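In what follows, chains carry the letters A, B, and so on, assigned in the order in which the sequence lines appear, proteins first and then strands, with residues in each chain numbered from 1. Quick caveat: nothing in here was measured; it's all calculated off a predicted structure.
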Amino acid sequence: MVHILDELRWRGLLAQSTDEEALRDALSAGPVTVYCGFDPTAPSLHHGHLVQLVLLRHLQLAGHRVLGLVGGATGMIGDPRMSGERVLNTKETVGEWVERLRAQISRFLDFEGENPARLVNNLDWTAQLSAIDFLRDIGKHYRLGTMLAKDTVARRLASEEGISFTEFSYQILQGLDFLELNRRYGCTLQTGGNDQWGNLLSGVELIRKAEGRTAHALTTPLITKADGTKFGKTEGGAVWLAPDMMTPYAFYQFWINTDDADVIGYLRTFTFRSREQIAELEEAVADRPFTREAQRALAHDVTTLVHGQAATDAVVAASQALFGRGELAELDAGTLEAAVDELPKAVVGTDAPAVVDLLAEAGLVAGRGAGRRAISEGGVSINNVRVTDPDAVLSVDQLLHGRWAVLRRGKRTLAVAERPNG
RNA sequence: GGCAGGUUACCCAAGCGGCCAAAGGGAGCUGACUGUAAAUCAGUUGCGCGAGCUACGGGGGUUCGAAUCCCUCACCUGCCA
């Protein structure tokens with residue numbers, strides 16, 4: 001039996017940890033209670049959080065007790081980041097986002113059976129805490145020298161913008177969370193991204209000073225791309241897990257487009273496939289890269305994990321229909337309808353709408369000017385036939401089955417112009 | 001509270017009265033080559049078909065003319081209290 005730490009390392013989920021031998025023994029000795037926090041800084045989690053959720057799932061599957069923490073309190077303060085001071089969101093907004101995140105995290109964990117996961121909110125133990133108690137009971141354990149030495153704090157201090165006391169204090173709040181979960185549930189392990197290392201240690205040290213007990217921290221590496229660009233960037237920004245912020249179709253397409261150089265690493269990290277299965281896919285990439293088997297497996301598994309089997313079946317079918325070799329005109333109405341259902345839409349309201357208007361309405365281009373530019377660059381096609389005239393209009397006979405025309409910008413960005421039925 | 005410096009397009013950054021819809025770099029987008037990949041090369045990137053319109057932190061002024069000069073407000077940074 002492979003030790004969970006070795007498995008995580010092979011999966012590329014292990015960057016660093018506190019005393020690895022001690023952690024290894026603790027994980028072998030029996031169930032360890034572990035937590036990972038998620039701050040509500042947006043209405044949805046994204047690709048970065050996905051790594052943490054996969055890690056928690058591995059730990060739960062290995063028999064450990066998992067706590068998912070939503071940062072109702074920390075989300076109101078803001079973790080300092082290099083790009084500068086955050087703009088605070090209203091308490092109402094943070095509250096709404098907390099609820100959305102709770103639902104998202106729940107999908108990844110099992111709340112049934114003999115080892116159920118649990119969701120907690122750090123607002124529960126910080127909202128009532130008075131400033132005096134905070135400064136006396138918690139603040140006394142913190143040394144300014146250590147706090148100032150934290151990488152982000154130090155760099156922000158040295159930057160032009162500086163750092164507010166609010167964000168500077170963030171590390172204490174996160175330390176307090178770990179202490180509280182240690183007291184309440186015997187939690188002895190906190191996980192997070194490697195950029196969270198300092199914040200995780202804050203809790204480990206606080207538990208040692210306040211309780212005299214040992215706790216552990218474990219971080220995942222930053223996910224990188226072979227070409228050096230940032231992982232998880234799309235036209236719309238991040239890769240969101242919420243279907244109302246990124247459609248399952250777009251989500252699937254993101255993973256399908258993974259570089260050859262990255263796909264095997266991502267299969268290890270983001271899927272639960274066995275070593276044998278991944279080895280086979282690695283051969284496939286080397287021998288017949290044009291079949292994109294590894295990319296398909298990756299996109300299928302991750303989409304299923306996040307959006308469920310039914311949504312995945314729909315987007316896989318749609319992708320095959322739209323990117324298949326066959327003629328779009330030969331697709332039957334049912335298949336085409338299911339496929340275009342996944343795409344952004346523009347409504348055909350008149351008999352001869354301008355193509356640029358349809359492009360803009362569907363969100364394929366930023367505006368009419370950008371649409372004209374795209375057409376003159378040769379970057380727009382309707383039903384896979386290139387459009388050459390910026391003033392082109394859509395004619396009724398271009399509508400497949402009398403209802404749909406597939407708009408394409410560039411090689412792989414699709415939308416549909418649809419004429420309402422009846 | 002005082003003094004000094006700063007705020008330019010997605011990001012960094014030049015510009016210091018007309019030649020500025022604004023240099024340069026990054027990033028994005030499109031094409032060629034391909035495999036819904038990468039690399040490379042080329043084009044392109046405020047809105048508008050166009051006349052033109054709106055823009056250089058907000059507001060007000062000087063001027064024939066302001067991103068550029070003056071006043072004021074907001075925010076950021078540094079030094080002093």
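- Note: A/Phe270 and A/Phe231 meet the aromatic proximity criterion, with ring centroids under 6.0 Å apart.
- In this structure, A/Ile163 places its CD1 atom 15 Å from C1' of B/C76, rounding to the nearest Å.
- Across the C1' atoms, B/C56 and B/C20 are found 10 Å apart, a figure rounded to whole Å.
- Atom CD1 in A/Ile264 sits about 13 Å away from atom C1' in B/A37, given to the nearest Å.
- Note: A/Tyr252 and A/His307 fail the aromatic proximity criterion, with ring centroids not under 6.0 Å apart.
- In summary, the side chains of A/Gln104 and A/Ser44 do present a donor paired with an acceptor at a separation below 3.5 Å, with no hydrogens or angles considered.
- Base pairing analysis places B/U40 opposite B/A32; the two distances defining the Watson-Crick or G-U wobble pair are each below 3.5 Å.
- Taking 4.5 Å as the limit, every side-chain heavy atom of A/Thr388 sits out of range of all side-chain heavy atoms of A/Ile375.
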Applying side-chain hydrogen bond (donor to acceptor under 3.5 Å, both in side chains) to A/Trp125 and A/Asp177, what does each step give before you reach the verdict? CA-CA 8 Å; A/Trp125 53 84; A/Asp177 289 343; 2.9 Å; yes

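- Spacing between B/U68 and B/C47 at atom P, rounded to whole Å, works out to 24 Å.
- Using modelled atom types, one finds no donor on one side chain facing an acceptor on the other under 3.5 Å when comparing A/Gln190 with A/Gln196.
- Taking atom CG of residue A/Leu281 and atom P of nucleotide B/G35, one finds them 20 Å apart after rounding to whole Å.
- For A/Lys411 and B/C29, the shortest distance from a side-chain N or O to OP1 or OP2 is not below 4.0 Å.
- Donor-acceptor pairing under 3.5 Å is lacking for the side chains of A/Thr312 and A/Thr303.
- Using P as the reference atom, B/G50 and B/A42 are 27 Å apart when rounded to the nearest Å.
- The residue among A/Val380 and A/Ile256 whose nearest nucleotide of RNA chain B lies closer to the 5′ end is A/Val380.
- Between A/Asp287 atom CG and B/G35 atom C1' there is a gap of 15 Å when expressed in whole angstrom units.
- A cation-pi contact links A/Arg275 to A/Trp10, judged by a cut-off of 6.0 Å to the six-membered ring centre and 45° from its axis.
- B/G65 and B/C79: their C1' atoms are spaced 39 Å apart (whole Å).
- Rounded to a whole angstrom, the distance from the C1' atom of B/A13 to that of B/A51 is 34 Å.
- Between A/Arg386 and A/Arg409, the residue anchored closer to the 5' end of RNA chain B is A/Arg409, taking for each the nucleotide with the nearest heavy atom.
- Going from atom CZ of A/Arg372 over to atom C1' of B/U30 covers 16 Å, rounded to whole Å.
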With 3.5 Å as the limit, what N/O pairs link the protein to nucleotides 38-45 of chain B?
from, atom 1, to, atom 2, distance (Å)
B/G43, N2, A/Glu377, OE2, 3.2

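- OP1 or OP2 of B/C49 sits under 4.0 Å from a side-chain N or O of A/Arg368.
- In this structure B/U7 sits in a base pair with B/A74, meeting the Watson-Crick or G-U test at under 3.5 Å.
- In the model, A/Tyr142 has a side-chain atom that pairs as donor or acceptor with a side-chain atom of A/Ser202 under 3.5 Å.
- Note on ring orientation: taking the six-membered ring where Trp is involved, the planes of A/His46 and A/His49 are tilted (angle from 30° to 60°).
- Annotation: cation-pi geometry satisfied between A/Arg57 and A/Phe272 (NZ/CZ under 6.0 angstrom from ring centroid, within 45° of ring axis).
- Atom CZ of A/Phe231 and atom P of B/A27 are 19 Å apart (whole Å).
- Only the P atoms considered, B/U8 is 6 Å distant from B/G57, to the nearest whole Å.
- Going from the C1' atom of B/C75 to that of B/C64 covers 35 Å, rounded to whole Å.
- Across all strands shown, nothing is found opposite B/U63 as a Watson-Crick or G-U wobble partner with both distances under 3.5 Å.
- Interface residues of residues 290-312 of chain A facing RNA chain B, ordered by number: A/Phe290, A/Arg292, A/Gln295; criterion, heavy-atom separation under 4.0 Å.
- Base pairing of B/C79: its partner is B/G2, meeting the Watson-Crick or G-U wobble criterion (both donor-acceptor distances under 3.5 Å).
- Taking a pair to require two hydrogen-bonding distances under 3.5 Å in either a Watson-Crick or a G-U wobble arrangement, B/A27 pairs with B/U45.
- When Watson-Crick and G-U wobble pairs are counted only if both distances are under 3.5 Å, B/A51 pairs with no nucleotide at all.
- Between the P atoms of B/C80 and B/C12, the separation comes to 29 Å (whole Å).
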